[in-house]
Amino acid sequence: VNLGTGHFKTTDTLMLPRGALQYASAALMGTSMWATRINYSGARDRAVVRADKRSYTHLGHFALFGDTNDRGTSLGLQILAQTGSGTQNTGVLVHPIWVYGFDVGVQMGNLTGRAASEHIYEQVIAQNCNYGVKLDSANTLNLVFHFLSASACGRGLYTSTAGSVFVGA
């Protein structure tokens, strides 16, 4: 999906297709993180963009903005396995994105064991979030971050059990 340029409003989660074949790709792309903005004003217990496709996902060139400046309870971008546990979500490329005003800006995996692994994140900016980037599940691993920026966040990069995480310039 190519969003193009503009400010888009949503009250529900934008889902990347789960039913795609294992080796088929899925993408959500904008023009740039300054020109393509998604404003979320939905339920406070949901993600704005959720990718739980099995593999080969490409996300980038957009900004996600929460509806409130009080760091609501919602998620900006969530990437995890479809069901069950283990590393069932691989081959993800995210570049560049900007998340602003969420409880969790970007989350990989969750505490019920739905993991995410073998991802590359380039130029991810998290601002005014309780957690800029949050890594959950013991099988969330092999993640690479280039040019990760977290400002005015309670915690920039947080992991409870994830392993093999590289952060560099």
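Hydrogens, waters and symmetry mates are skipped; everything else that's a heavy atom, side chains included, is used. Keep in mind that what you see is a predicted model, and the values were worked out from it rather than measured.
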Chemist: Looking at every heavy atom in both V99 and C129, which two are closest together, and how far apart are they?
Modeler: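 Closest heavy-atom pair between V99 and C129: O-SG, 4.3 Å.
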Chemist: Who pairs with T11 by side-chain hydrogen bond (donor to acceptor under 3.5 Å, both in side chains), at least two apart in sequence or on another chain?
Modeler: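 Partners of T11 under the side-chain hydrogen bond (donor to acceptor under 3.5 Å, both in side chains) test: none.
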Chemist: Taking it one step at a time, do M108 and H119 satisfy side-chain contact (heavy atoms from CB on, under 4.5 Å)?
Modeler: CA-CA 10 Å; M108 280 72 76; H119 295 187; 4.0 Å; yes
Chemist: CD of Q107 to CD of Q78: how many Å apart, nearest 0.5 Å?
Modeler: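 The CD atom of Q107 sits 4.5 Å away from the CD atom of Q78.
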Chemist: Are any side-chain N or O atoms of S74 and backbone N or O atoms of D45, one a donor and one an acceptor, separated by less than 3.5 Å?
Modeler: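 Absent.
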Chemist: Determine, using the 4.5 Å side-chain heavy-atom cutoff (strictly less than), whether L141 and L93 are members of one ILVMFWY cluster.
Modeler: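 They do not share one cluster, since no chain of ILVMFWY contacts under 4.5 Å joins L141 to L93.
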Chemist: Name all residues meeting the side chain to side chain contact (heavy atoms under 4.5 Å, CB included) criterion together with T5; count only those two or more places apart in sequence or in a different chain, and write none if there are none.
Modeler: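 If we apply the side chain to side chain contact (heavy atoms under 4.5 Å, CB included) test to T5, skipping adjacent residues, the hits are T31, A35.
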Chemist: Flag the pair M29 / L59 as yes when at least one side-chain heavy-atom distance between them is below 4.5 Å, and no otherwise.
Modeler: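 No - every pair of side-chain heavy atoms lies 4.5 Å or more apart.
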Chemist: Atom CG of L77 and atom CZ of R50: how far apart are they, to the nearest 0.5 Å?
Modeler: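 One finds 11.5 Å between CG of L77 and CZ of R50.
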Chemist: OG of S149 to CD of Q123: how many Å apart, nearest 0.5 Å?
Modeler: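 Output value for this atom pair is 9.0 Å.
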Chemist: Under the side-chain contact (heavy atoms from CB on, under 4.5 Å) rule, what do V106 and I97 come out as? Steps first, then yes or no, please.
Modeler: CA-CA 10 Å; V106 179; I97 65 164; 4.1 Å; yes
Chemist: Tell me every residue that passes side chain to side chain contact (heavy atoms under 4.5 Å, CB included) with A63, counting only those two or more places apart in sequence or in another chain.
Modeler: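 Per chain and number, A63 pairs via side chain to side chain contact (heavy atoms under 4.5 Å, CB included) with F65, W98.
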Chemist: Between CG of N128 and SG of C153, what distance do you get to the nearest 0.5 Å?
Modeler: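 So the CG of N128 and the SG of C153 are separated by 7.0 Å.
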Chemist: If the condition is side-chain hydrogen bond (donor to acceptor under 3.5 Å, both in side chains), which residues does T10 pass it with, not counting sequence neighbours?
Modeler: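 With neighbours one apart ignored, the set is empty.
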Chemist: Just jot down the side-chain hydrogen bond (donor to acceptor under 3.5 Å, both in side chains) partners of H58, sequence neighbours excluded, or say none.
Modeler: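 Partners of H58 by the side-chain hydrogen bond (donor to acceptor under 3.5 Å, both in side chains) criterion, ordered by chain and then number, come out as H95.
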Chemist: Could you tell me whether the side chain of I79 reaches within less than 4.5 Å of the side chain of V94, counting heavy atoms only?
Modeler: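 Yes; the side chains approach each other to less than 4.5 Å.
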Chemist: Tell me the closest heavy-atom pair linking K134 and V104, and the distance in Å.
Modeler: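 In terms of heavy atoms, the two residues are closest at CB-CG1, 3.8 Å.
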Chemist: State, to 0.1 Å, how close A150 and G156 come at their nearest heavy-atom pair, and which atoms those are.
Modeler: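 Of all heavy-atom pairs spanning A150 and G156, the closest is CB-CA, 3.6 Å.
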Chemist: Tell me every residue that passes side-chain hydrogen bond (donor to acceptor under 3.5 Å, both in side chains) with Y131, counting only those two or more places apart in sequence or in another chain.
Modeler: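 Y131 satisfies side-chain hydrogen bond (donor to acceptor under 3.5 Å, both in side chains) with R155 once adjacent residues are dropped.
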Chemist: Is there a side-chain contact between V124 and E122 in this structure, where contact means two heavy atoms from C-beta onward sitting under 4.5 Å apart?
Modeler: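 No, their side chains stay 4.5 Å or more apart.
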Chemist: Would you list the atom pairs, donor with acceptor, under 3.5 Å between side chains in residues 162-169 and any protein atom, with sequence neighbours excluded?
Modeler:
{"from": "S164", "atom 1": "OG", "to": "N142", "atom 2": "OD1", "distance (Å)": "3.1"}

Chemist: Applying the 4.5 Å side-chain criterion to the ILVMFWY set and letting contacts propagate, would Y158 and L75 be lumped into a single cluster?
Modeler: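 They do share one cluster, since a chain of ILVMFWY contacts under 4.5 Å joins Y158 to L75.
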Chemist: Just verifying a value: how many Å separate I125 CD1 and L148 CG, rounded to the nearest 0.5 Å?
Modeler: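 Here the interatomic distance stands at 9.5 Å.
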Chemist: For the pair T13 (side chain) and A47 (backbone), establish whether a donor and an acceptor sit closer than 3.5 Å, ignoring hydrogens and angles.
Modeler: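 Checking the backbone N and O of A47 against the side chain of T13, a donor-acceptor pair under 3.5 Å is found.
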Chemist: To check you understand the geometry: which heavy-atom pair defines the closest contact between T36 and H61, and what is its length?
Modeler: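 Distance-wise, the nearest heavy atoms are CB-O, 3.7 Å.
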Chemist: Step by step, work out the side-chain contact (heavy atoms from CB on, under 4.5 Å) result for L64 and F102.
Modeler: CA-CA 9 Å; L64 302 175; F102 295 99; 4.0 Å; yes
Chemist: Does anything in residues 4-13 form a salt bridge (Lys or Arg N to Asp or Glu O under 4.0 Å)? List the pairs, not counting sequence neighbours.
Modeler: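 Listed once each, the pairs are D12-R46.
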Chemist: Before you tell me yes or no, could you show the steps for F8 and L3 under side-chain contact (heavy atoms from CB on, under 4.5 Å), namely the whole-Å CA-CA distance, both residues' side-chain angles and the distance that decides it to 0.1 Å?
Modeler: CA-CA 9 Å; F8 305 94; L3 296 171; 4.1 Å; yes
Chemist: Between CG of L135 and CG of L157, what distance do you get to the nearest 0.5 Å?
Modeler: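 That separation rounds to 5.5 Å.
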Chemist: Tell me, please, which residues at least two apart from F62 pass ring-ring contact (aromatic ring centres under 6.0 Å, His included).
Modeler: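 ring-ring contact (aromatic ring centres under 6.0 Å, His included) check on F62 returns nothing, list empty.
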Chemist: For residues 133-153, which residue pairs qualify under ring-ring contact (aromatic ring centres under 6.0 Å, His included), counting only residues two or more places apart or in two chains?
Modeler: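 Residue pairs with at least one partner in residues 133-153: Y121-F145.
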Chemist: Shortest non-hydrogen contact from G132 to A126?
Modeler: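 Result for this residue pair: CA-CB, 3.6 Å.
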